[in-house]
Amino acid sequence: AYSHVGMVVWHGGRWCVLHAVPNERATKSERDSVKLEPVGVFFRSDRALKGSVCRLPLAPEDTLRLLEKALALYARHPLFDNSFDDKDPTAFYCSELVWFLYGQALGIDLTQGRRHKLPLFPPLIFCSDIKACPGLEEIFKF
C-alpha cells in the first residue's frame with residue numbers, strides 16, 4: 001500500500017520525518033541524502049496520496065535511545081543508497097534507514113529477516129516488510 005517510509009522524530013521544537021529519498025535535491029549539485037523535514041512537508045499532497053503513522057510501543061528510555069541514534073545519523077549527512085545495499089551502513093534507502101536505526105539503537109529487526117528479490121538488485125527491504133512487524137500499531141491514517 002505504501003512506497004515510502006520515514007521515522008517521525010521531535011526536532012527543533014516540531015515533529016519532523018527523517019527519511020531517505022532520491023531526486024529531491026534543492027540544487028543539481030546537491031547529492032541525494034537522508035533528509036529531515038517537517039511532517040507537513042513529508043505528507044504534502046503532491047508527494048502522498050495516502051499515508052499512515054505507525055509506532056512500536058517502546059519504553060521511554062528506548063524511545064530516547066532511538067531518537068538519539070536517528071539524530072546522530074542525520075548529523076553525519078549520509079547519502080541515499082543508490083546501490084540498495086543493506087550491508088553498507090554509510091548510505092540508506094528509505095526502508096533500510098528505518099530498519100537500520102531500530103536495529104542499531106534497540107537490537108530490533110523490524111523486518112524479521114523479510115526481503116524481496118528483484119532481478120538485478122540485492123535483496124530489498126520493502127515498506128510492507130516493516131508494516132508487517134508484530135506489535136506495530138497504526139495510530140493515524142489518511
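All values below come from the heavy atoms of this structure, side chains included, with hydrogens, waters and symmetry mates left out.
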Nearest 0.5 Å please: distance from the [atom1] atom of [X] over to the [atom2] atom of [Y].
X: Arg76; Y: Ser33; atom1: CZ; atom2: OG; value: 13.0 Å
X: Leu71; Y: Lys69; atom1: CG; atom2: NZ; value: 12.0 Å
X: Cys94; Y: Trp99; atom1: SG; atom2: CH2; value: 13.5 Å
X: Arg115; Y: Ile125; atom1: CZ; atom2: CD1; value: 3.5 Å
X: Lys35; Y: His19; atom1: NZ; atom2: NE2; value: 5.0 Å
X: Leu58; Y: Leu64; atom1: CG; atom2: CG; value: 11.5 Å

If you define the side chain from C-beta out and look only at heavy atoms, does anything of [X] sit under 4.5 Å from [Y]?
X: Val53; Y: Val39; answer: no
X: Thr63; Y: Trp10; answer: no
X: Thr111; Y: Ile130; answer: yes
X: Asp32; Y: Asn23; answer: yes
X: Val9; Y: Tyr74; answer: no
X: Leu56; Y: Cys133; answer: yes
X: Leu106; Y: Arg65; answer: yes
X: Ile108; Y: Asp62; answer: no

Show the numbers, then the answer: is there a side-chain contact (heavy atoms from CB on, under 4.5 Å) between Leu66 and Tyr102?
-> CA-CA 7 Å; Leu66 184 58; Tyr102 272 82; 3.3 Å; yes
Sub-6.0 Å ring centroid separation between Phe121 and His116 |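 Here the rings of His116 and Phe121 have centres that are no less than 6.0 Å from each other.
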Is there a path from [X] to [Y] through hydrophobic residues (I, L, V, M, F, W, Y) whose side chains come within less than 4.5 Å of each other?
X: Leu136; Y: Phe140; value: no
X: Leu101; Y: Phe92; value: yes
X: Leu79; Y: Leu124; value: no
X: Val98; Y: Leu18; value: yes
X: Val21; Y: Leu49; value: no

Heavy-atom closest pair, residues [X] and [Y]:
X: Asp81; Y: Glu96; value: OD2-OE1, 2.9 Å
X: Ala70; Y: Met7; value: CB-SD, 4.1 Å
X: Tyr2; Y: Cys127; value: O-CB, 3.7 Å
X: Ala20; Y: Leu97; value: N-CD2, 4.0 Å
X: Asp85; Y: Tyr93; value: N-CE2, 4.5 Å
X: Pro123; Y: Lys117; value: CG-CE, 4.4 Å

Would you mind telling me which of Ser128, Cys54, Ser95 makes a side-chain contact (heavy atoms from CB on, under 4.5 Å) with Val5?
->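 With Val5 as partner, side-chain contact (heavy atoms from CB on, under 4.5 Å) holds for just one option, Ser95.
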Any chance NE2 of His11 has more than 12 other-residue heavy atoms, nucleotides or ligands included, within less than 6.0 Å?
-> no
Has Ile139 got more than 12 heavy atoms of other residues, nucleotides or ligands less than 6.0 Å from its CD1?
->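 Counting other residues, nucleotides and ligands, CD1 of Ile139 exceeds 12 neighbours.
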Is a side-chain N or O of Arg47 found less than 3.5 angstrom from the main chain of Arg44, in a donor-acceptor match?
-> no
Trace of the side-chain contact (heavy atoms from CB on, under 4.5 Å) decision for Lys141 with Lys50 = CA-CA 8 Å; Lys141 181 178 176 177; Lys50 59 182 176 176; over 6 Å; no
Parallel, tilted or perpendicular: ring planes of Phe142 versus Phe43, cut at 30 and 60 degrees = perpendicular
